[in-house]
Protein chains: 2
Amino acid sequence: MDIFLKTIGSINDETRLKILHFIDVNGEVCVCDIEKSFEMIQSRISRHLKILKDAGFLKVDRRGRWAYYSIRKPLDQFRQSILKEISCLDMNIPLLNKSCKVG
Amino acid sequence: MDIFLKTIGSINDETRLKILHFIDVNGEVCVCDIEKSFEMIQSRISRHLKILKDAGFLKVDRRGRWAYYSIRKPLDQFRQSILKEISCLDMNIPLLNKSCKVG
DNA sequence: TTTATATATCAAGATATATTGATATATTGT
DNA sequence: ACAATATATCAATATATCTTGATATATAAA
């Protein structure tokens, strides 16, 4: 029940829905990609990513000074059905803006 | 998006999860059945039922002085998958206590 | 028509969640 | 070692949601 509520709570927010869909569409991205694309401050993005990760939707892979987030795989049936439903929403997500300072 | 968030918001609450599952298990029940079974005050139950109804999970049928709530049918695939997931949770719901004053 | 039961809704206070700005830590380049 | 970039987390504030108690409406029985 607690895990279910954590999962549901994680998608009960417009910003997180957009971030989740953004990652679903663009694949692996780092925090500053999202920060730049969404034009939101870093602490806000970081916090939402943590919530989505703790809810089982995302995994993080640290390489160098970057943290790369992507959809966790394999994803169970229920979370898959949620991602599918989200992908059907008419949601306005920004274009990927890759502008980390060093390649 | 707004409808999705309303749907998700409606199940982002322990009390509503239990009420929803209770109705799924017991079938059509009236507000005071739930009130008595859950030992919660009427205004609280009534409010949660309205949220679940507005989110598309429940329908209400008024007969006499009673309002009978049940799972809305047919239910779309997404809401069905949510109900299925909820039914798998190890959730503690009370026994049905039918004690409306007049039959 | 008076009374009791069933339900819905509102306002106030309590609780939870989101946003911001500041700060801390880690990595890399100079 | 120092500076810059990337990320995480904390504290304060803002915003949203939940609970309660009071009140309003409707139906039915006496």
Side-chain angles (χ1 to χ4, degrees), chain A residues 1-2 4-20 22-23 28-55 58-70 96-103, chain B residues 1-2 4-20 22-23 28-55 58-70 96-103:
Chain A
M1 166 101 120
D2 291 344
F4 181 87
L5 279 171
K6 184 182 274 192
T7 304
I8 293 305
S10 78
I11 52 168
N12 190 34
D13 178 275
E14 184 169 336
T15 303
R16 283 196 293 274
L17 282 183
K18 287 184 177 175
I19 291 175
L20 188 53
F22 182 84
I23 295 174
E28 191 185 63
V29 289
C30 65
V31 180
C32 58
D33 288 341
I34 305 177
E35 187 188 342
K36 300 300 186 316
S37 303
F38 280 80
E39 297 179 293
M40 288 179 186
I41 64 175
Q42 184 270 324
S43 67
R44 183 175 172 185
I45 300 294
S46 185
R47 179 177 184 274
H48 286 312
L49 287 169
K50 178 177 167 52
I51 290 170
L52 287 167
K53 176 170 69 68
D54 291 349
L58 300 180
K59 71 178 175 70
V60 60
D61 186 21
R62 271 164 230 288
R63 298 198 296 273
R65 76 184 88 163
W66 291 277
Y68 292 94
Y69 283 85
S70 56
L96 175 56
N97 178 355
K98 278 213 157 291
S99 50
C100 310
K101 286 301 161 59
V102 183
Chain B
M1 168 101 119
D2 290 344
F4 181 86
L5 279 172
K6 184 181 276 193
T7 304
I8 294 304
S10 77
I11 52 168
N12 190 34
D13 178 275
E14 185 169 335
T15 303
R16 282 196 293 274
L17 282 183
K18 288 184 178 176
I19 291 175
L20 188 53
F22 181 84
I23 295 174
E28 191 185 65
V29 288
C30 65
V31 181
C32 59
D33 288 341
I34 306 177
E35 186 189 342
K36 299 301 187 315
S37 303
F38 280 80
E39 296 179 294
M40 288 178 185
I41 64 175
Q42 183 270 323
S43 67
R44 182 175 174 186
I45 300 295
S46 186
R47 180 177 182 274
H48 286 312
L49 287 169
K50 177 178 168 52
I51 291 170
L52 287 167
K53 176 170 69 69
D54 291 348
L58 300 181
K59 71 178 175 68
V60 60
D61 185 21
R62 271 164 230 289
R63 299 200 295 274
R65 77 184 87 163
W66 291 276
Y68 292 93
Y69 284 85
S70 56
L96 175 57
N97 177 355
K98 278 210 159 291
S99 50
C100 309
K101 287 300 162 57
V102 184

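Throughout, protein chains are lettered first and strands after them, A, B, ... in sequence-line order, and every chain is numbered starting at 1. Computation of the quantities below employed the complete heavy-atom set of this structure, encompassing side-chain atoms and omitting hydrogens, waters and symmetry-equivalent molecules.
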Is [X] near enough to [N] that one of its side-chain N or O atoms lies under 4.0 angstrom from OP1 or OP2?
| X | N | answer |
| --- | --- | --- |
| B:R62 | C:dA8 | yes |
| A:Y69 | D:dA8 | yes |
| A:H48 | C:dT17 | no |

So which nucleotide from [options] ends up closest to the side chain of [X]?
| X | options | result |
| --- | --- | --- |
| B:S43 | C:dG21, D:dT19, D:dA22 | D:dA22 |
| A:S46 | D:dA29, C:dT7, D:dT7 | D:dT7 |
| B:R65 | D:dT7, D:dC18, D:dA28 | D:dA28 |

Could you say whether B:L49 or A:N12 is positioned toward the 5' end of DNA chain C, judged by the nucleotide with the nearest heavy atom to each?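 That would be B:L49.
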
Roughly, in whole Å, what's the span from [atom1] in [X] to [atom2] in [N]?
| X | N | atom1 | atom2 | result |
| --- | --- | --- | --- | --- |
| B:K50 | D:dT17 | NZ | C1' | 15 Å |
| A:I45 | D:dT5 | CD1 | P | 19 Å |
| B:R44 | D:dC18 | CZ | P | 10 Å |
| B:I19 | C:dT7 | CD1 | C1' | 14 Å |
| A:D54 | C:dT17 | CG | P | 13 Å |
| B:I41 | C:dA6 | CD1 | C1' | 15 Å |
| B:D13 | D:dT19 | CG | C1' | 11 Å |
| B:D33 | C:dT5 | CG | C1' | 14 Å |

State which residue, out of B:I11, B:L52, B:L49, fulfils the side chain to side chain contact (heavy atoms under 4.5 Å, CB included) condition with B:R16.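 Single pass found, and it is B:L52.
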
Any donor-acceptor pair under 3.5 Å from A:S37 side chain to A:D33 backbone: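 Pair found, side chain donor or acceptor close to backbone of A:D33.
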
With sugar-phosphate meaning primed atoms plus P, OP1 and OP2, does [X] contact a base, only sugar-phosphate, or nothing at under 4.0 Å between heavy atoms?
| X | result |
| --- | --- |
| B:R16 | sugar-phosphate |
| A:Y68 | nothing |
| B:R47 | base |

Can you find an N or O donor on one side and an acceptor on the other, under 3.5 Å apart, linking the side chain of A:Q42 with the base of D:dA6?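 It does not, because no donor-acceptor pair links the side chain of A:Q42 to the base of D:dA6 below 3.5 Å.
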
